[in-house]
There are 2 protein chains.
Amino acid sequence: MSSLEISSSCFNRETKLPLFPPLVEDSAFEPSRKDIDEVEEKSKDVINFTAEKLSVDEVSQLVMSPLCGAVSLFVGTTRNNFEGKKVISLEYEAYLPMAKNEVKKICSDIRQKWPVKHIAVFHRLGLVPVSEASIIIAVSSAHRAASLEAVSYAIDTLKAKVPIWKKEIYEESSSWKGNKECFWDSLLKHSLLCYTRGTKGGKRKQDKWICRMKGYLKWN
Amino acid sequence: MSSLEISSSCFNRETKLPLFPPLVEDSAFEPSRKDIDEVEEKSKDVINFTAEKLSVDEVSQLVMSPLCGAVSLFVGTTRNNFEGKKVISLEYEAYLPMAKNEVKKICSDIRQKWPVKHIAVFHRLGLVPVSEASIIIAVSSAHRAASLEAVSYAIDTLKAKVPIWKKEIYEESSSWKGNKECFWDSLLKHSLLCYTRGTKGGKRKQDKWICRMKGYLKWN
């Protein structure tokens, strides 16, 4: 499955969720000898937010390369429990322009830190039932240390920086939450708190946080 | 796909390589609330050495659990180059009783170190063409840190301790090698060196190494 195929599938499938095509970027990764492969293989970052069910085989195949001896993957799945409550499913929403931008930056950071070949980050949106994957991250590299470390870094950073919210649907209730590790969630919670307080001081605090968020959007 | 199905497939498929059934072990992993699942799911270690082509989807499905939010995987693939030479394929052989024992110990070590749910270690034997997987390790856990760290530990320890040899098949030549990180390889190389020297001192050294190996086989 090529990145081109993914791109067309994102646009053609019927879904109510906003999707965007995968990003394909080149990097400075070079094979040890140019004549190892007759056609030199360009490095790529494939980023996809989709309402479709995710496939581990599909994402791992995207990063496979004859130049690489290692592929590391992380698959995040819906657990049937959270803080002692029985979870039925999770529902994900993302602020897509920002989420795309943050994941692109994570890919760029990885390429600065490790000599990796291909990176794929797939996030499912909408309802994700128990045991199904909400995220798959796959990274390939010539040797194993680079891809193993890059995958850990990718999921830790994604949880901390990418604006994705999830609704936990329990047996008898539900609630929308940001990732507790994500600074976007803290910003929004603080703004909301100030707003609902409705005081003069609260309004000033809210404006301060919104200003910070706008600054972040502009400069990052 | 259940562990039982794997077990039968190992015995029924036609192959000239010696195969053994996957090991299924229970561990002390406990769900946070017994009533989260009506049927409590037992932890398992699935170990398989096979001549069949490996499937990332199949191995990842083996470790998926409704109790887990994370699955981490490592896939080792055949690179098309080694030290500047063009590799056509790799051919793997293992001393199976010892290899099985060593992988069982790695699983046991992992369960001492991290709260993981299921572990699967699949190693392909025989010829593995470029870009195909020779090994897939998959670990599931409630939270991501445990499975990420366990997979890194598993592949590092497997490379260092499990007696698996590979034949690198180049365009115009080939050579059998142990993993350079594996102490078994050093032992065998040293024994062979002493043997081929054919001196009295060489024989004593060889006996010493063989004695050490026998001791290891007996006590570990």
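Lettering follows sequence order; numbering is per chain, from 1.
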- Item | Gap separating the CD atom of B:E149 from the OG atom of A:S152, nearest 0.5 angstrom |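 Rounded to the nearest 0.5 Å, the CD-OG separation comes out at 7.5 Å.
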- Message: So, taking the atom named OG in A:S72 and the one named CD1 in B:I137, what distance separates them when rounded to the nearest 0.5 Å?
- Response: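 A:S72 OG to B:I137 CD1: 9.5 Å, rounded to 0.5 Å.
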- Closest non-hydrogen atom pair, B:S65 against A:S131: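 Where B:S65 meets A:S131 most closely, the heavy atoms are C-OG, 3.7 Å.
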- Query: Which atom pair, heavy atoms only, marks the closest approach of B:T77 to A:C68?
  - Reply: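 Heavy-atom minimum between the residues: OG1-O, 2.9 Å.
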With a 4.5 Å limit on heavy-atom distance, are the side chains of [X] and [Y] in contact?
{"X": "B:R144", "Y": "A:K159", "answer": "yes"}
{"X": "A:D57", "Y": "B:S55", "answer": "yes"}
{"X": "B:I155", "Y": "A:L148", "answer": "yes"}
{"X": "A:R79", "Y": "B:L67", "answer": "no"}

- Message: If the condition is side chain to side chain contact (heavy atoms under 4.5 Å, CB included), which residues does B:T78 pass it with, not counting sequence neighbours?
- Response: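 Only B:V87, B:L90, B:V128, B:V130 meet the side chain to side chain contact (heavy atoms under 4.5 Å, CB included) criterion with B:T78.
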